[in-house]
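Encoded as structure tokens, the structure appears first; notes follow it.
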Amino acid sequence: MKITFPHMGRAYIPIQGLLEKAGLETVVPARPHRRGVELGARYAPEFVCLPFKSTLGDFIDGLEKGADTLAMVCGMWACRFGYYGRVQHQILRDLGYEFDSILIGKDDLMTVLRKFISAMPKKKRLRRIVAAIVMFRARARLVDEWEWQARRMRPVERISGSADEVLSAFFTRLETAPNLRSVRRLRREAMKALAKVPLREDRRPLKVALLGEVYMVLEPNLNLELERGMGELGMEVHPVLTTYRWLLKPFRILDPRIELTEAWARRVSRPYVRYVLGGEEHWTIAGTIQAAKRGYDGVVHVYPLTCMPENICRSILPKVTEKYNIPLLDLCFDEHSSPVGIRTRLEAFGDLLERRRSSTPAAGSG
Ligand code: SF4
């Protein structure tokens, strides 16, 4: 079995660790890029959301690199995510590709586990499974820790891009870290390297929450390096959803805080969205309210053009932001979005937040 799976931010690093520690062979597709999205867009239904097109492009790349099994998480049926895996795999079969499907969430858990376990080497299976889970969690935590460090450092760096430069080398090394000891060593080395990055102590960054559809929040190659761009403009970005949270959600037992915050977001957003829409609507609404209560300077809401849950949020958010008095920037992406257009809107938003903060000194504290 040679398994491939689509990208979403740096989720591939822990997923690859999990599968390889279990003794399975993986084929990681190239990071999402324009040609992949174009390929996906060519074969996908015209009005389907952008992540569908991008992940379809990932599967094509994985198959062309020799994968024979496609693994995909399936959402519930409220939004298109529930159909992603099935429809994508059908499109690929119509194109003539032959492969086995693992649809996590559609097939019951035992079927999925049986498929994985039957492909594992026969010896020491239990030990391999435990090692795989430990490696998955360790890599996921380190990816999360480094991503948060980059967010805090970008707006106060003396030389723009230095923290990212340091971390990108460590992320590459983490991809091939063979065991827990090497993961821990990388963590120590990265801490030392980051401590040498010169920072400006006199800067007070704007605090901005980033929320919306999870794929657009987490995939820098599709959101046109949004976090990095916001950091360069003096914004300390606080995404409401992170790779770690998304990855650990199905394994809540490994981190019970995930379950608690999920329930909290549903409760806080209920007055505005009473039903489950299938996406991140509860996080978008609850995250905006939380950002206002914590004294953030603003909120950036990102989503793909035809995203059903987030378009509903888009019509609700003006009410929420007015009630809680927090500025909002909506950024809608499709395959034609331009980096220049996004940058211009971010610059204007940053200016607005700076002016607002200087005229109301209390805002932005906290
Ligand atoms: S949340 Fe939006 S973008 Fe994601 S699958 Fe559902 S409709 Fe598509």
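Start at 1 and go down the list; that is how both ligands and their atoms are numbered. FYI, side chains are in, hydrogens and waters are out, and symmetry mates aren't considered; it's all heavy atoms of this structure.
The ligand atoms of ligand 1 that sit less than 4.0 angstrom from a heavy atom of Arg80 are 6 (Fe), 7 (S). If you number the atoms of ligand 1 from 1 as listed, the ones under 4.0 Å from a heavy atom of Pro304 come out as 3 (S).
The proximity of Tyr215 to ligand 1, defined as any non-hydrogen pair under 4.0 Å, does not occur for either the backbone or the side chain. Under 4.0 angstrom from ligand 1, the non-hydrogen atoms of Cys307 come from both its backbone and its side chain.
Among the backbone and side-chain atoms of Cys79, none of the N, O or S atoms lies under 2.8 Å from atom 8 (Fe) of ligand 1.
Geometric assessment of Arg93 against the ring of Phe99 yields a positive cation-pi assignment under the 6.0 Å and 45° thresholds.
Regarding atom 4 (Fe) of ligand 1, its nearest protein heavy-atom neighbour is Glu213 OE2, 2.8 Å. Nearest to atom 7 (S) of ligand 1 among the protein's heavy atoms is Met308 N, 3.5 Å. Here the protein heavy atom with the shortest distance to atom 8 (Fe) of ligand 1 is Cys49 SG, 2.3 Å.
More than 12 non-hydrogen atoms from other residues, nucleotides or ligands lie less than 6.0 angstrom from CZ of Arg31.
The cluster map of Ile, Leu, Val, Met, Phe, Trp and Tyr, joined by side-chain heavy atoms under 4.5 Å apart, puts Leu329 and Leu352 in the same cluster. Linking Ile, Leu, Val, Met, Phe, Trp and Tyr whenever their side-chain heavy atoms come within less than 4.5 Å leaves Val143 and Val134 in two separate clusters.
Only one option out of Leu224, Leu305, Leu222 pairs with Phe333 in a side-chain contact (heavy atoms from CB on, under 4.5 Å); it is Leu224.
In this structure, Glu310 has no heavy atom closer than 4.0 Å to ligand 1. Put simply, part of Tyr84 is less than 4.0 Å from ligand 1, judged by heavy atoms. Using 4.0 Å as the threshold, Pro309 has a heavy atom nearer than that to some atom of ligand 1.
Separating the CH2 atom in Trp146 from the CZ atom in Phe171 is a distance of 6.5 Å, to the nearest 0.5 Å. Here the straight-line distance linking atom CD of Glu145 with atom CD of Gln149 works out to 5.5 Å at 0.5 Å rounding.
Contact of the Lys21 side chain with the Ile133 side chain is not registered, since no non-hydrogen atoms from C-beta on lie closer than 4.5 Å.
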